[in-house]
Amino acid sequence: MCGIVGYTGKSAAAPVVVEGLRRLEYRGYDSAGVAVHTGRGMEVVRALGKLGKLSEALAERPLAGNVGIGHTRWATHGRPSEENAHPHVVGKVAVVHNGIIENHRELAHELIAAGARFSSDTDTEVIAHLVQQALEDGARTLHEAVRRALGRVVGAYAIAVLGTDEPDVIVAARHGSPLVIGFGEGEMLCGSDISALLSHTRDMVFLEDGDVAELRPGGATITTVSGEPVSRATKRIEWSATMAERGGYKHFMLKEIHEQPDAIASTLRGRVDLEASDVHASEIGVTPEVARAIRRVYIVACGTSYHAGLVAKYWLESLAKLPTVIELASEVANRDAMFFEDDLVVAVSQSGETFDTLGAVKAAKRAGAKVLAVANVLESAIPRLADGTLYTRCGPEIGVASTKCFTAQLASLLLLAVYLGRRRGTLGEAIAGEVLKALVAVPGHMHELLGDADYVRSIATTLANAKDVLFLGRGHNYPIALEGALKLKEISYAHAEGYAAGEMKHGPIALIDAELPVVVIAPKDATYDKMVGNVAEVRARDGRVLALATKGDEAMHDLATHIIWLPEAPSWVLPLLTVVPLQLLAYYVAARKGHDVDQPRNLAKTVTVE
Ligand code: G6P
């Protein structure tokens, strides 16, 4: 995982780098460090813990200079510690790295045999040694030395390198991990994603695998690892820096929950055609012929995105009449997953970088399947590999626990089901029109739900001490039960489990007693009557029930211990609504416990390791 930043220009580098790291902290936050070229040589400050610790260390030992690199870490090789924090310095070279060097052991043995001494347990340090060795062996520039070093390593990397002898240069390179370079006025930056650079520039180049860039304040030259010049188009990014600010909310997660009405409106903008009862999505490259030729949809995803995929299965099967398989992307690699040429493989990923999802996409491509990405981060690895991308367009999501991207994924996947259904002739104008009208009304309903946030906060007190919580739902509400449980688990550290209510009798009913809170998703839809039965069974065993029910449902009101009201809405869009109070519930439980909601322990937002 990890986030990297580099700056060369006229400003003091350390504050710019730390500010960039702050925006990348979602990628990892167990230690951090900065190296700055002072004009006479390099100085490094590193600290164990979150970025605040690095800032404290820098306050004690300020680094003066206009060129610097920095890193925020999520440990893979070597436990979190100051020694293992980046940058790693060897001789005249400092390196920050995101990724994994697979042959680091062989390289380290070879370097140690040649006299090198290692001061960390990281795989990254071999890169610093190799670059230093290349300089000692006569490489004329840092760029050349880095290229020589990269010729030796196998694995994934995005790196930024400083060298003592070239005071205004940063060498940045990528292979398999993301890296963007930004063109400011008289200054150049690089970073793991665009949010780290946005307060300086919106003009960016997304490096390709194998690119090695030399950045100086006046511009960049890019070559391949073997030194052939390459040219990359500059893109103008429409996100603004303030989109990545907390804007008065205590946590990014709370802000992002409240941004959902706008996020959905943005996902839908320009895509919904109510007059024609159709969806415009030519960017996904699925022509009517292709849509008709698809025999099966195969969804791959991880975490919250997987739950969005589970909901999409209901829509794709009923609206587009497409058999839909959904699999955890991490499991695709554990067996001989079968993809076919007439499959549409849909990779759902907020970051577009998740290692396992990327791996599943590669397997699907090898089998000749058509791959569609549903992603939020522009130009990330999965969209680059896919044949087309439906961007969720909900702006940067910073909180580690995904919220607005989940509902934007749902909206995108419902659009996809309508789009495919219309092109395959399985979905008539009338139903398509109903679904789209319901989708367009979602932001309004979300506003209503968010208006009750204080009430959800008061209910959260009843869950604050629970060690276990069970979430139940049926049909399209079942994935929402899974998601509600995941949200609570991720940020409150309570054990929470989502279950298909129909399975309750096959196990979880044994857990029910007066202590176990059971959250039940029971809107007035096709699953309602059976859910009433489940609630009665829980109550008969003295269980406590928090029900999500449609406004005016007196029966549920009488049965449940606590109730959260849902607006009346067509069944198609209920998953986009039922999840909102569950997000708020998880948030308020965790906030009440005083947890670091945006950066929960042990988690990271972008999981670029297996
Ligand atoms: C991590 C994040 C989750 C996310 C999952 C998949 O576990 O903490 O919030 O759902 O990765 O990420 P993706 O970027 O592929 O949606």
Side-chain angles (χ1 to χ4, degrees), residues 233 235 266-301 305 308-309 311-327 338-349 352 357-358 360-393 408-437 439-440 572:
K235 298 204 172 164
S266 159
T267 305
L268 301 183
R269 197 162 295 131
R271 289 173 170 157
V272 175
D273 186 339
L274 286 178
E275 257 176 44
S277 300
D278 204 356
V279 169
H280 299 299
S282 51
E283 74 267 33
I284 67 175
V286 178
T287 60
E289 296 72 47
V290 173
R292 279 192 291 272
I294 299 166
R295 299 287 299 278
R296 177 177 80 153
V297 175
Y298 196 130
I299 303 175
V300 289
S305 299
V311 177
K313 177 177 162 75
Y314 293 84
W315 293 329
L316 288 159
E317 290 181 346
S318 58
L319 299 173
K321 300 282 176 271
L322 273 164
T324 302
V325 177
I326 160 133
E327 182 145 30
M338 285 195 289
F339 296 106
F340 300 105
E341 281 179 8
D342 48 12
D343 278 345
L344 177 66
V345 174
V346 179
V348 188
S349 175
T357 312
L358 186 61
V361 165
K362 287 179 184 161
K365 294 236 30 153
R366 279 196 299 276
K370 194 168 179 65
V371 176
L372 173 66
V374 174
N376 193 47
V377 178
L378 302 176
E379 297 286 337
S380 47
I382 294 168
R384 279 154 163 259
L385 212 59
D387 299 297
T389 301
L390 194 56
Y391 279 110
T392 43
R393 303 199 298 218
Q409 286 168 345
L410 290 179
S412 307
L413 290 161
L414 185 49
L415 286 177
L416 177 67
V418 172
Y419 179 90
L420 292 173
R422 295 296 277 145
R423 270 137 205 88
R424 291 168 56 79
T426 56
L427 180 60
E429 210 174 313
I431 306 276
E434 266 177 41
V435 175
L436 294 176
K437 251 191 258 150
L439 247 181
V440 170
W572 302 110

Using side-chain heavy atoms (C-beta onward) and a distance below 4.5 Å, is [X] in contact with [Y]?
| X | Y | value |
| --- | --- | --- |
| Leu416 | Ile284 | yes |
| Leu415 | Leu436 | yes |
| Leu316 | Val346 | no |
| Asp342 | Arg296 | no |
| Arg422 | Val279 | no |
| Arg423 | Arg292 | no |
| Phe340 | Arg295 | no |

What's the verdict on side chain to side chain contact (heavy atoms under 4.5 Å, CB included) for Leu413 and Val311, showing C-alpha distance, side-chain angles and the deciding distance? CA-CA 9 Å; Leu413 290 161; Val311 177; over 6 Å; no

Apply the test side chain to side chain contact (heavy atoms under 4.5 Å, CB included) to residues Thr389 and Glu283: give CA-CA distance (whole Å), side-chain angles for both, the deciding distance (0.1 Å), then the verdict. CA-CA 7 Å; Thr389 301; Glu283 74 267 33; over 6 Å; no

Point-to-point distance, once rounded to the nearest 0.5 Å, from [atom1] of [X] to [atom2] of [Y]:
| X | Y | atom1 | atom2 | value |
| --- | --- | --- | --- | --- |
| Arg384 | Leu378 | CZ | CG | 11.0 Å |
| Tyr419 | Arg271 | OH | CZ | 11.5 Å |
| Lys437 | Ser277 | NZ | OG | 7.5 Å |
| Tyr298 | Ile326 | OH | CD1 | 10.0 Å |
| Leu322 | Leu420 | CG | CG | 6.0 Å |
| Thr357 | Ile299 | OG1 | CD1 | 12.0 Å |

Side chain [X], main chain [Y], donor-acceptor under 3.5 Å:
| X | Y | answer |
| --- | --- | --- |
| Gln409 | Thr392 | no |
| Arg424 | Ala291 | yes |
| Ser349 | Ala301 | no |
| Thr267 | Arg393 | no |

Considering all heavy atoms of both residues, which atom of [X] and which atom of [Y] are nearest to each other, and what is their separation?
| X | Y | value |
| --- | --- | --- |
| Ala347 | Ile382 | CB-CG2, 3.9 Å |
| Ser380 | Gly352 | OG-CA, 3.3 Å |
| Leu319 | Ala417 | CD1-CB, 4.0 Å |
| Tyr391 | Val377 | CE2-O, 3.6 Å |

Hey, can you pull the donor-acceptor pairs under 3.5 Å for the side chains in residues 361-373, sequence neighbours left out?
unit_1 : atom_1 : unit_2 : atom_2 : d
Lys365 : NZ     : Leu385 : O      : 3.3
Lys365 : NZ     : Asp387 : OD1    : 3.1

Within 6.0 Å of CD in Glu289, more than 12 heavy atoms from elsewhere: yes

Run the side chain to side chain contact (heavy atoms under 4.5 Å, CB included) check on Val435 and Trp315 step by step: do they pass? CA-CA 10 Å; Val435 175; Trp315 293 329; over 6 Å; no

